[in-house]
Amino acid sequence: MSEVETPSNFIQNKIEEELKSSSFTVHTRFPPEPNGHLHIGHAKSICLNFGLADKFSGICNLRFDDTNPSKEETKFVKAIQEDVKWLGFDWGNQLFYASDYFDQLFEFAIRLIKKGKAYVDDLTPEQMREYRGTLSEPGKNSPYRDRSIEENLDLFQKMKAGEFEEGEKVLRAKIDMGSGNLNMRDPVLYRILKASHHRTGDKWCIYPMYDFTHGQSDSIEKITHSLCTLEFEDHRPLYDWFLDELEIYHPQQIEFARLNLNYTILSKRKLLQLVEERHVDNWDDPRMPTLSGMRRRGYPPEAIREFCDRIGISKSNATVDFALLEHCVREYLNRTATRVMVVLRPLKVVLINYPEDQVEEMDAVNNPEDPNAGTRKMPFSRTVYIERDDFMEDPPKKFFRLAPGREVRLKHAYVIKCEEVIKNSDGEIVELRCTYDPETRSGATQDGRKIKGTLHWVSEDHAHKAEVRLYNHLFTQENPADEKVCPDLKSSLNPDSLEIIEEALLEPSLKNAKGGYQFLRLGYFSVDPQKSASGDQIFNRVVTLRDTWAKIANK
RNA sequence: UGGGGCGUCGUCAAGUGGCUAAGACACAGGAUUUUGAUUCCUGCAUUCGGAGGUUCGAGUCCUCCCGCCCCAGCCA
């Protein structure tokens with residue numbers, strides 16, 4: 001899968017270094033929790049883990065960390081698998097679930113109890129918080145900390161047997177309530193949860209905590225490099241403690257910074273909030289930074305992978321510019337997308353010297369970047385539509401599109417000249433009457449005169465209608481994730497994140513459109529899997545074209 | 001007056017004591033262009049959070065200081 005040489009990073013360098021002194025198979029894993037959908041931040045991790053395995057001819061597992069039945073669902077398991085596949089990665093038969101290890105984990109817990117390294121605690125959650133101490137003060141031992149091994153064994157078996165209620169008891173590790181690292185202050189290993197698990201059903205009523213599961217799962221799977229994000233850095237001593245006490249295989253954990261993207265949020269909790277409060281349609285709303293949203297929007301997986309390669313891997317908490325993602329999308333689509341003509345906001349143009357019933361088939365190039373893409377025919381007639389923005393009655397200096405008395409080229413067709421502007425009683429421009437120059441068929445002038453402006457157009461009688469959805473950033477704030485800047489998510493939502501054009505005029509070749517296109521001069525668009533309310537096709541704008549005119553016009 | 005991390009261009013990010021501190025995105029100019037797209041040139045850190053020190057030589061080593069992030073779920 002390694003297309004070109006991907007830039008190196010500190011983790012890859014480390015592995016290369018290790019490989020110099022010993023020989024082993026690199027074995028990584030991507031460990032999502034099936035409690036929500038994957039987003040672009042997960043893509044970074046997926047590309048890292050699968051990419052490294054690929055780079056070193058190793059193995060990468062897909063493992064679901066499903067230790068909390070109250071939040072996890074099979075539908076998420078399915079969606080996650082679909083997303084990983086779509087991104088372009090294949091776990092082969094390396095599909096695992098932490099829940100596969102519940103028996104083993106239970107046995108690990110028994111082992112710790114027998115070593116006197118774990119105990120059943122009766123403290124309530126509130127009491128436990130008080131006993132934990134604070135960041136600057138040590139905690140104090142639970143009064144139940146010194147129960148006998150026999151009593152602990154008995155109590156833990158009874159927890160498993162369902163003899164206690166939720167919250168009544170937990171199993172804790174016996175480490176050090178005075179540690180500066182709060183994770184070492186006798187962390188909870190097992191809690192009682194009388195919930196049905198999406199895979200193990202009602203077999204269990206006690207479930208291991210993530211901290212007691214993750215490291216051992218990596219160990220069981222013989223993961224060589226456990227890559228995770230920065231916030232787990234101070235969990236590492238705890239994982240090391242478990243592995244050492246249990247005397248089992250010890251993977252190497254390496255932390256890297258999670259992805260932050262400006263103008264977007266990448267927190268599962270907040271994305272869920274957007275869905276639940278109906279600020280977006282669903283997890284796959286094209287404005288969402290989820291992989292399903294990006295897929296629906298029309299982002300090519302290749303572009304996302306390229307983006308992940310380009311942002312690099314480091315330990316500094318950084319925010320990547322959204323423009324880089326858009327750049328990667330444009331770069332890929334520029335090479336691959338078929339060019340078509342679509343008019344979003346139509347302005348009628350009648351060519352007064354063009355024969356009434358004549359229709360010409362003009363040759364249009366499908367993709368100037370790809371000589372093999374060929375050409376297609378586009379019908380041209382007396383009445384066409386152009387973009388309203390492409391005409392100005394009183395244009396500024398640098399405007400070189402259509403204006404009264406000015407000439408402009410209709411792409412692949414003729415040079416036309418604006419002779420008359422027709423307005424309605426409200427003074428709105430409703431139609432342009434133009435002449436065309438028959439000597440300029442397909443757009444080339446015979447006398448060598450330069451025509452600066454070239455416009456896209458669609459013939460009235462041949463136009464096909466569809467709904468087009470234009471998307472902008474979901475947030476107006478550059479850093480909506482920062483709660484100091486944005487205490488209330490809703491207030492920084494962009495009211496213009498979605499603009500619907502109900503009736504855009506498309507060239508007829510788009511009647512059976514599939515996949516992604518470049519709408520000439522407008523941007524890249526992709527067919528939505530759903531139909532509009534009126535049964536029309538829907539096109540989603542993936543990303544605009546770079547627009548220097550907009551920059552000039554804004555000055 | 002706890003513990004763990006991080007600070008190199010507007011944004012990411014190479015750099016692991018020795019040529020003038022990579023590259024990408026962004027930005028600004030210019031050329032080409034039947035997409036104001038693409039492509040192509042050009043410019044864009046005398047300086048690496050700050051101050052000392054070690055060294056012939058420091059972004060890279062040492063000391064101190066400053067700033068930012070994470071941790072007090074029976075979440076992951």
Side-chain angles (χ1 to χ4, degrees), chain A residues 7-10 13 31-33 35 65-68 70-72 121 123-125 128-130 132-139 166-172 178-185 187-193 206-207 209-211 213-214 229-237 255 257 262 268-269 307 310-328 330-331 334-335 339 341 365 368-369 398-401 409-413 415 440 442-445 451-456 518-523 544-553:
Chain A
S8 194
N9 59 63
F10 79 99
N13 293 344
E33 183 193 10
N35 69 341
D65 272 341
D66 52 354
T67 56
N68 187 349
S70 63
K71 291 186 177 173
E72 297 148 5
D121 198 352
L123 252 29
T124 64
M128 206 183 282
R129 198 182 317 125
E130 287 160 21
R132 185 152 33 228
T134 66
L135 293 181
S136 50
E137 300 157 30
E166 281 190 18
E168 214 177 305
K169 285 181 167 48
V170 292
L171 182 72
R172 288 230 255 172
S179 174
N181 181 346
L182 302 245
N183 295 121
M184 302 300 270
R185 320 241 264 225
V188 171
L189 268 29
Y190 267 89
R191 77 289 216 187
I192 298 168
L193 240 35
I206 57 169
Y207 291 91
M209 297 289 290
Y210 171 85
D211 276 350
T213 306
H214 190 81
T229 43
L230 258 23
E231 67 270 28
F232 293 106
E233 209 147 16
D234 37 48
H235 291 236
R236 178 154 34 94
E255 306 85 8
N262 57 10
K268 264 196 207 174
R269 200 197 89 235
F307 171 75
R310 287 211 207 184
I311 55 177
I313 301 292
S314 77
K315 295 191 69 157
S316 55
N317 205 302
T319 302
V320 177
D321 194 340
F322 200 91
L324 179 60
L325 212 208
E326 295 190 320
H327 168 81
C328 293
R330 288 192 187 104
E331 185 180 59
N334 175 52
R335 292 201 306 268
R339 271 61 170 174
M341 292 204 248
V365 174
E369 303 295 318
K398 288 181 177 167
F399 186 85
F400 53 76
R401 275 113 96 144
R409 170 171 36 238
L410 295 182
K411 178 93 176 171
H412 301 311
V415 171
T440 58
S442 85
T445 55
I451 305 295
K452 193 84 198 284
T454 300
L455 311 184
H456 59 279
Q518 183 194 105
F519 287 5
L520 224 61
R521 303 208 303 135
L522 297 173
T544 60
L545 248 29
R546 202 177 254 107
D547 189 353
T548 12
W549 166 243
K551 277 181 197 166
I552 297 168

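First the proteins, then the strands, lettered A, B, ... as listed; each starts at 1.
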What residues form a side chain to side chain donor-acceptor pair (under 3.5 Å) with [X], not counting sequence neighbours?
| X | answer |
| --- | --- |
| A/N35 | A/E33, A/K268 |
| A/S316 | A/S314 |
| A/N9 | none |
| A/K315 | A/E233 |

Considering every strand and a 4.0 Å limit on heavy-atom distances, what is the contact class for [X]: base, sugar-phosphate, or nothing?
| X | value |
| --- | --- |
| A/N13 | base |
| A/I311 | sugar-phosphate |
| A/V188 | sugar-phosphate |
| A/R409 | base |
| A/L455 | nothing |
| A/H235 | base |
| A/T67 | sugar-phosphate |
| A/F232 | base |
| A/H214 | nothing |

- Item | Non-hydrogen atoms of A/T544 and A/R330 that approach each other most closely |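 The answer is O-NE, 2.7 Å.
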
[atom1] atom, [N] versus [M]: distance in rounded Å?
| N | M | atom1 | answer |
| --- | --- | --- | --- |
| B/A13 | B/G30 | P | 33 Å |
| B/U46 | B/A22 | P | 12 Å |
| B/G4 | B/G18 | P | 30 Å |
| B/G43 | B/C61 | C1' | 36 Å |
| B/C27 | B/U38 | P | 11 Å |
| B/G49 | B/A14 | P | 15 Å |
| B/U8 | B/C40 | P | 30 Å |
| B/G50 | B/A58 | C1' | 16 Å |

- Task: Quick one, give me the B/S/- string for nucleotides 3-9 of chain B, reading 5' to 3', where B means a protein heavy atom under 4.0 Å from the base and S means that only happens at the primed atoms, P, OP1 or OP2.
- Result: BSSS---

- With sequence neighbours left out, write down each residue that passes side-chain contact (heavy atoms from CB on, under 4.5 Å) with A/T229, or none if nothing qualifies.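 For A/T229, the residues satisfying side-chain contact (heavy atoms from CB on, under 4.5 Å) (neighbours in sequence not counted) are A/E231, A/F232, A/F256, A/R258.
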
- Task: Apply side-chain contact (heavy atoms from CB on, under 4.5 Å) to A/N181 and list each qualifying residue two or more places apart in sequence or on a separate chain.
- Result: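 Per chain and number, A/N181 pairs via side-chain contact (heavy atoms from CB on, under 4.5 Å) with A/S179, A/N183, A/M184, A/D234, A/P237.
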
- Close side-chain approach of A/D547 and A/R521, heavy atoms under 4.5 Å: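 No - every pair of side-chain heavy atoms lies 4.5 Å or more apart.
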
- Taking it one step at a time, do A/M128 and A/R172 satisfy side chain to side chain contact (heavy atoms under 4.5 Å, CB included)? CA-CA 11 Å; A/M128 206 183 282; A/R172 288 230 255 172; 3.7 Å; yes

- Query: So does A/R132 get a side-chain nitrogen or oxygen closer than 4.0 Å to the phosphate oxygens (OP1/OP2) of B/G73?
  - Reply: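 Answer is yes, contact under 4.0 Å.
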
- Task: Compare side-chain N and O positions of A/S314 against OP1 and OP2 of B/A13 and report whether any pair is under 4.0 Å apart.
- Result: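 True: A/S314 side-chain N/O within range (under 4.0 Å) of B/A13 OP1/OP2.
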
- Message: Syn if the chi torsion is within 90° of 0, anti otherwise; quick check, which is B/G73?
- Response: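 Nucleotide B/G73 adopts syn.
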
Kindly compute the distance separating [atom1] ([X]) from [atom2] ([Y]), expressed to the nearest 0.5 Å.
| X | Y | atom1 | atom2 | result |
| --- | --- | --- | --- | --- |
| A/L325 | A/H327 | CG | NE2 | 11.0 Å |
| A/L410 | A/M341 | CG | CE | 8.0 Å |
| A/F399 | A/K452 | CZ | NZ | 12.5 Å |

Could you give the [atom1]-to-[atom2] distance, from [X] to [N], as a whole number of Å?
| X | N | atom1 | atom2 | answer |
| --- | --- | --- | --- | --- |
| A/L135 | B/C70 | CG | P | 12 Å |
| A/D321 | B/U11 | CG | C1' | 6 Å |
| A/E326 | B/C12 | CD | C1' | 16 Å |
| A/R269 | B/G73 | CZ | C1' | 13 Å |
| A/E72 | B/C75 | CD | P | 11 Å |
| A/L325 | B/A26 | CG | C1' | 14 Å |
| A/R172 | B/G73 | CZ | P | 12 Å |
| A/L182 | B/C75 | CG | P | 16 Å |

Assigned partner base of [N], Watson-Crick or wobble definition, under 3.5 Å:
| N | result |
| --- | --- |
| B/G67 | B/C6 |
| B/G73 | none |
| B/C40 | B/G30 |
| B/A22 | none |

- Item | Candidates B/C70, B/G73, B/C12 - which lies nearest the side chain of A/A318 |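 Selected nucleotide: B/C12.
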
- Message: Let me spell it out: for each of A/A323 and A/L123, pick the nucleotide of RNA chain B with the closest heavy atom. Which residue's pick is nearer the 5' end?
- Response: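 Looking at RNA chain B, the more 5' nearest nucleotide goes with A/A323.
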
- 5' priority, RNA chain B, between A/M128 and A/N183 [closest heavy atom]: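 This one resolves to A/N183.
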
- Sequence neighbours excluded, which residues qualify as ring-ring contact (aromatic ring centres under 6.0 Å, His included) partners of A/F322?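 Applying ring-ring contact (aromatic ring centres under 6.0 Å, His included) to A/F322 gives A/H473.
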
N/O contacts under 3.5 Å, protein versus nucleotides 35-39 of chain B?
unit_1: B/U35; atom_1: O2; unit_2: A/Q518; atom_2: OE1; d: 2.8
unit_1: B/U35; atom_1: O2; unit_2: A/R521; atom_2: N; d: 3.1
unit_1: B/U35; atom_1: N3; unit_2: A/Q518; atom_2: OE1; d: 2.6
unit_1: B/U35; atom_1: O4; unit_2: A/R339; atom_2: NE; d: 2.7
unit_1: B/U35; atom_1: O4; unit_2: A/R339; atom_2: NH2; d: 3.1
unit_1: B/G36; atom_1: OP1; unit_2: A/R521; atom_2: NH1; d: 2.9
unit_1: B/G36; atom_1: O3'; unit_2: A/T548; atom_2: OG1; d: 3.0
unit_1: B/G36; atom_1: O2'; unit_2: A/T548; atom_2: N; d: 3.3
unit_1: B/G36; atom_1: O2'; unit_2: A/T548; atom_2: OG1; d: 2.4
unit_1: B/G36; atom_1: O2'; unit_2: A/W549; atom_2: N; d: 3.2
unit_1: B/G36; atom_1: N7; unit_2: A/R401; atom_2: NH1; d: 2.2
unit_1: B/G36; atom_1: O6; unit_2: A/F400; atom_2: N; d: 3.3
unit_1: B/G36; atom_1: N1; unit_2: A/K398; atom_2: O; d: 2.9
unit_1: B/G36; atom_1: N2; unit_2: A/K398; atom_2: O; d: 3.2
unit_1: B/A37; atom_1: OP1; unit_2: A/T548; atom_2: OG1; d: 2.5
unit_1: B/U38; atom_1: OP1; unit_2: A/R546; atom_2: NH1; d: 2.2
unit_1: B/U38; atom_1: O2'; unit_2: A/N334; atom_2: ND2; d: 3.0
unit_1: B/U38; atom_1: O2'; unit_2: A/E369; atom_2: OE1; d: 3.2
unit_1: B/U38; atom_1: O2'; unit_2: A/E369; atom_2: OE2; d: 3.1

